[in-house]
Amino acid sequence: MNLKEKKAIVSGSSKGIGAETVKLLISKGCKVVGWSRTGSGFTNENYREFNLDISDEEAVDAAYKKSLDFLGGIDIVINNAGFGHFAKTDECNSDTWRKMFDVNVNGLFYLTKRALKDMKKAQHGHFINVSSIAGTTGIEQAAGYCGTKHAVRGISHSLYKEVKKDNIKVTCVYPGSVNTHFFDEVEGTKANDTMLHADDVAKLFIQLLESPDNFNTLDVEIRPMNPVYS
């Protein structure tokens, strides 16, 4: 896909992978809308930002309509918004458990559902869904988070089979540890430069988006070479 003048929505756009993806898409000539709770402060004539709780379907509906008013269409959706909490299963707060599913799974569904209708009309589009290595394996004290990321994998694989006949691509990406604010709330682990870098992950997204029209990468697992955890 030639990205010039393509229209994209990036969720979780305020920092980390999402923020870097926004900047690269803009540099490629895309028109982009970012969705986040807090905003990034990034400005560009081809960029708009909407602050919302992606787990609120009414808020998603309103933001999607405003996004389309600015974009004039939709070619790309980067489902990047995510929330993680680590605790033993019997000690995990039930509200926190529900919040992970509301953001990581339901939020992805709310945005995807709306964009799909427009992509099907255009017979063109690409979803990149950000899962995690937690979506392919179990991690101690991360049952809830792993559950949400396994769900992202299952949704992505099912969606791929549903929409390939409509020339819509679906890619699920499984990053290992990334040097972002995700680890601010993870006890015993600090983000550091031995982890994957957010801008490198964003560059991978661009490579996936620029692949030939008859070429779909369904799964991509990426890992840091020699990460140091503290």
Side-chain angles (χ1 to χ4, degrees), residues 6-19 21-22 25 31-40 47-85 92-122 124-132 134-135 143-163 166 168-173 181-182 185 205:
K6 292 297 187 288
K7 288 94 172 178
I9 294 175
V10 180
S11 70
S13 62
S14 64
K15 52 192 176 183
I17 295 170
T21 301
V22 165
L25 287 170
K31 204 171 186 180
V32 184
V33 169
W35 289 11
S36 67
R37 285 179 175 271
T38 58
S40 66
Y47 181 63
R48 293 291 182 277
E49 199 164 59
F50 296 108
N51 296 345
L52 70 147
D53 177 357
I54 200 168
S55 68
D56 180 341
E57 188 168 14
E58 291 185 1
V60 169
D61 191 59
Y64 185 75
K65 290 174 181 175
K66 291 178 183 177
S67 298
L68 265 286
D69 287 342
F70 172 68
L71 295 172
I74 185 69
D75 302 294
I76 299 162
V77 170
I78 311 292
N79 279 308
N80 172 67
F83 164 68
H85 177 75
C92 184
N93 179 276
S94 296
D95 288 338
T96 302
W97 180 283
R98 280 189 288 270
K99 181 181 177 182
M100 283 190 282
F101 277 89
D102 283 342
V103 172
N104 300 356
V105 183
N106 295 340
L108 180 148
F109 166 67
Y110 298 151
L111 171 53
T112 299
K113 176 181 179 179
R114 286 157 176 81
L116 261 179
K117 294 179 180 179
D118 291 310
M119 287 184 181
K120 283 184 174 180
K121 289 177 184 176
H124 178 79
H126 196 156
F127 290 92
I128 294 182
N129 297 333
V130 182
S131 180
S132 164
Y145 183 66
C146 287
T148 66
K149 292 304 184 177
H150 273 73
V152 171
R153 180 180 190 274
I155 292 166
S156 300
H157 279 233
S158 295
L159 184 61
Y160 159 72
K161 291 184 177 180
E162 284 182 25
V163 301
D166 297 299
I168 299 170
K169 297 184 181 184
V170 181
T171 303
C172 193
V173 180
H181 290 283
F182 177 85
E185 305 300 323
F205 294 170

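- Taking all atoms of both residues into account, the shortest heavy-atom contact from Val152 to Asn104 is CG2-O, 3.6 Å.
- Not a single donor-acceptor pair under 3.5 Å links the side chain of Asn129 to the backbone N or O of Arg153.
- The shortest heavy-atom contact between Val103 and Ser55 is N-CB, 4.1 Å.
- Panel note: side chain Lys6, backbone Gly125; no donor-acceptor pair is recorded below 3.5 Å.
- Between Tyr47 and the options Val22, Val10, Leu25, a side-chain contact (heavy atoms from CB on, under 4.5 Å) holds for only Val22.
- Here Lys66 contributes atom NZ and Arg48 contributes atom CZ; the two are 13.0 Å apart, rounded to the nearest 0.5 Å.
- With sequence neighbours excluded, no residue satisfies salt bridge (charged side-chain N to carboxylate O under 4.0 Å, His left out) with Asp69.
- Closest approach of Leu71 to Ala8, counting heavy atoms only: CD1-O, 3.8 Å.
- For residues 103-114, the pairs satisfying salt bridge (Lys or Arg N to Asp or Glu O under 4.0 Å) are Glu57-Arg114, Asp61-Arg114, with sequence neighbours left out.
- The structure places CD1 of Ile74 at 4.0 Å from CD1 of Ile9, a figure rounded to the nearest 0.5 Å.
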side-chain contact (heavy atoms from CB on, under 4.5 Å) between Phe205 and Ile17, worked out: CA-CA 10 Å; Phe205 294 170; Ile17 295 170; 3.5 Å; yes
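- Between the side chains of Asn80 and Thr21, not a single donor N or O lies within less than 3.5 Å of an accepting N or O.
- Proximity of His126 to Asp75: side-chain heavy atoms (C-beta onward) are nowhere separated by under 4.5 Å.
- Taking all atoms of both residues into account, the shortest heavy-atom contact from Tyr145 to Met100 is N-SD, 3.7 Å.
- The shortest non-hydrogen separation linking Arg37 to Asn51 is O-CB, 3.7 Å.
- Between the side chain of Ser13 and the backbone N or O of Trp35, at least one donor-acceptor pair lies under 3.5 Å.
- Side chain of Lys7 to main chain of Ser67: no donor-acceptor pair is present (N/O by atom type, distance under 3.5 Å, no hydrogens or angles).
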So Asp102 and Phe83, side-chain contact (heavy atoms from CB on, under 4.5 Å) or not? Walk me through it. CA-CA 9 Å; Asp102 283 342; Phe83 164 68; over 6 Å; no
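- Nearest approach of Ser131 to Gly135, heavy atoms of both residues: OG-CA, 3.7 Å.
- With Ser11 as the fixed residue, the side-chain contact (heavy atoms from CB on, under 4.5 Å) test singles out one of Leu52, Ile54, Val33, Val77: Ile54.
- Remark: His157 NE2 to Glu162 CD distance equals 13.5 Å, nearest 0.5 Å.
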Give the C-alpha distance, both sets of side-chain angles, the deciding distance and a yes or no for salt bridge (charged side-chain N to carboxylate O under 4.0 Å, His left out) between Asp95 and Arg98. CA-CA 5 Å; Asp95 288 338; Arg98 280 189 288 270; 2.5 Å; yes
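- Residues passing the side-chain contact (heavy atoms from CB on, under 4.5 Å) test with Ala19, sequence neighbours excluded: none.
- Between the OG atom in Ser132 and the NE2 atom in His150 there is a gap of 10.0 Å [rounded to 0.5 Å].
- Side-chain contact check for Glu49 and Ser40: at least one donor-acceptor pair (N or O, by modelled atom type) lies under 3.5 Å.
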Would you sort out whether Ile155 and Phe109 count as a side-chain contact (heavy atoms from CB on, under 4.5 Å), showing the intermediate values? CA-CA 9 Å; Ile155 292 166; Phe109 166 67; 5.6 Å; no
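- Rounding to the nearest 0.5 angstrom, the gap separating the CG atom in Asp56 from the CG atom in Asp53 is 6.0 Å.
- Note that the CH2 atom of Trp97 and the OG1 atom of Thr148 stand 9.0 Å from one another [nearest 0.5 Å].
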